[in-house]
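Keep in mind it's a predicted model, so treat the numbers as computed, not measured.
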Amino acid sequence: DMSGRMHSMSTTEPMLHRLCLVMDSVDHTTTLPPELLHAIFSLLPKRHHPPTLLRKVPSWVSVSQVCRRWRAIAMKCRELWTKAPFPKEAWAEEALRRSSPALLDVFINAGFHSESLIDIALRDISRIRTLHLSLASMSLSGDISLVLANAKTEKSVFPACERGSAPNIEELSIMATNDFDGVNREPLRIPARIFGGVTPARLRRLILDGCALSAHFSLLRAQLTSLT
């Protein structure tokens, strides 16, 4: 009867209201499939320019600290950890472990990164896909920052790059900071035995600035599509 229907509606409406409140309070990201979250996480490092990797732990790793579910997915998302080095040795070691065996995008600034961090980042040359080196030639003026950066360039970066071949590298950028007074400029000499003297089969883009190299430089024998 009508009174019964009215009573049923009066008791149902509060229940529906409470259900709506509960649904509104639910974090709907918890219902996203893990495959979708994995795909989203893998895009995060691509939004950051190399200089942002120098001064602090990259912001995108925070997705691993949202909740247990997100952390579990982030730990399995190798692409999330392929940009190296992070600004601290512990982070770099962990990133290399979590990203293995995926290829790496390595950014090194000899004026900022420590020798130990450089060694970690260049430990396995065969895993590097892109390598961006910001180095320093010998200082003619005695500028202390250039002297220190050149010391790390000569004693850490180049020896590490000579240890073995780089079969997976696709892009190499070497930018050298020089003293420049309009007359004197000391170019950075790239060692002939870089990457073990073996021409990288997959190298397509080579960027050199402030560098000196011989005509028989092995990298010039690569099948380059871009040389600047």
Side-chain angles (χ1 to χ4, degrees), residues 32-110 112-135 152 155-174 193-206 219 222:
L32 293 176
E35 297 83 4
L36 181 56
L37 283 174
H38 185 286
I40 294 172
F41 291 172
S42 67
L43 296 175
L44 296 178
K46 299 177 182 179
R47 296 173 56 86
H48 290 71
H49 192 263
T52 65
L53 303 177
L54 300 180
R55 301 295 175 181
K56 59 183 180 181
V57 174
S59 60
W60 67 77
V61 301
S62 60
V63 298
S64 66
Q65 302 167 353
V66 173
C67 63
R68 291 182 180 179
R69 181 169 180 264
W70 279 34
R71 181 172 181 80
I73 296 171
M75 293 301 101
K76 296 179 181 179
C77 182
R78 295 189 180 107
E79 297 84 356
L80 196 62
W81 312 97
T82 55
K83 286 189 183 291
F86 288 167
K88 298 179 181 179
E89 284 82 353
W91 275 104
E93 290 280 13
E94 191 63 16
L96 292 179
R97 184 184 68 81
R98 294 177 183 179
S99 64
S100 182
L103 299 181
L104 302 170
D105 301 314
V106 177
F107 305 87
I108 290 176
N109 186 317
F112 176 78
H113 291 121
S114 65
E115 292 184 22
S116 59
L117 194 50
I118 291 171
D119 185 66
I120 293 171
L122 299 176
R123 180 180 298 159
D124 188 356
I125 294 290
S126 65
R127 281 186 61 194
I128 295 179
R129 174 177 51 203
T130 60
L131 178 59
H132 298 271
L133 302 175
S134 180
L135 308 178
K152 285 187 280 188
K155 295 180 180 179
S156 298
V157 178
F158 283 158
C161 288
E162 292 179 282
R163 284 198 293 252
S165 62
N168 291 303
I169 193 167
E170 299 173 4
E171 179 178 335
L172 172 63
S173 172
I174 304 178
R193 294 286 301 171
I194 191 170
F195 304 144
V198 179
T199 302
R202 299 178 64 181
L203 182 63
R204 295 295 179 267
R205 189 179 187 195
L206 179 60
L219 298 183

**Message:** Run the salt bridge (Lys or Arg N to Asp or Glu O under 4.0 Å) test against Arg129 and tell me which residues pass, sequence neighbours left out.
**Reply:** Asp105

Contacts under 3.5 angstrom, residues 159-169 side chains, donor-acceptor by atom type, not counting sequence neighbours:
from: Arg163; atom 1: NH2; to: Leu122; atom 2: O; distance (Å): 3.2
from: Asn168; atom 1: OD1; to: Arg202; atom 2: NH1; distance (Å): 2.9
from: Asn168; atom 1: ND2; to: Ser126; atom 2: O; distance (Å): 2.8

**With Leu36 via side chain to side chain contact (heavy atoms under 4.5 Å, CB included) - residues at least two apart** = Leu32, Pro33, Ile40

**Asked** Can you name the residues that form a salt bridge (Lys or Arg N to Asp or Glu O under 4.0 Å) with Arg68, not counting sequence neighbours?
**Response** none

**Asked** With Ala102, which residues qualify under side chain to side chain contact (heavy atoms under 4.5 Å, CB included), at least two apart?
**Response** Arg78, Thr82

**Request:** State which residues pass side chain to side chain donor-acceptor pair (under 3.5 Å) with Ser99; sequence neighbours excluded, sorted by chain then number.
**Result:** Arg127

**Message:** The criterion is side chain to side chain donor-acceptor pair (under 3.5 Å); which residues satisfy it with Ser42, sequence neighbours excluded?
**Reply:** none

**Complete:** Tightest non-hydrogen contact, residues Pro200 and Ala222, listed as O-CB, 3.9 Å

**Item:** Interatomic distance, Ile128 atom CD1 to Leu103 atom CG [nearest 0.5 angstrom]
**Value:** 10.0 Å

**Message:** Glu93: which residues meet the salt bridge (Lys or Arg N to Asp or Glu O under 4.0 Å) condition with it, sequence neighbours left out?
**Reply:** Arg123

**Asked** Taking only residues two or more places apart in sequence or in another chain, which ones pass ring-ring contact (aromatic ring centres under 6.0 Å, His included) with Phe41?
**Response** Trp70

**Complete:** Rounding to 0.5 Å, atoms CZ (Phe112) and CG (Leu117) come to a distance of 8.5 Å

**Request:** Output, in order, the C-alpha distance, side-chain angles, deciding distance and verdict of side-chain contact (heavy atoms from CB on, under 4.5 Å) for Leu104 and Leu96.
**Result:** CA-CA 8 Å; Leu104 302 170; Leu96 292 179; 3.5 Å; yes

**Message:** To the closest 0.5 Å, what do you measure between CG (Leu43) and CD (Glu79)?
**Reply:** 9.0 Å

**Prompt:** In chain order, what residues pass the salt bridge (Lys or Arg N to Asp or Glu O under 4.0 Å) check against Glu171, with sequence neighbours excluded?
**Reply:** Arg205

**Request:** Hey, could you give me the OG/CG distance between Ser173 and Leu135, rounded to the nearest 0.5 Å?
**Result:** 9.5 Å

**Request:** Please name the pair of heavy atoms, one in Met75 and one in Trp81, separated by the smallest distance, quoted to 0.1 Å.
**Result:** CE-CZ2, 3.6 Å

**Request:** Could you list the residues that satisfy side chain to side chain contact (heavy atoms under 4.5 Å, CB included) with Ser156, not counting sequence neighbours?
**Result:** Glu115, Ile118

**Fill in**
Distance col, row Arg98:CZ vs Trp91:CH2, nearest 0.5 angstrom, shows 6.5 Å

**Message:** For Phe195 and Leu203: C-alpha separation, side-chain torsions, deciding distance, then whether side-chain contact (heavy atoms from CB on, under 4.5 Å) applies.
**Reply:** CA-CA 12 Å; Phe195 304 144; Leu203 182 63; 5.8 Å; no

**Fill in**
dist Ser64:OG -> Leu80:CG (nearest 0.5 Å) comes out at 7.0 Å

**Request:** Indicate yes or no for a side-chain donor-acceptor contact from His113 to the backbone of Asn109 under 3.5 Å, with no hydrogens or angles considered.
**Result:** yes

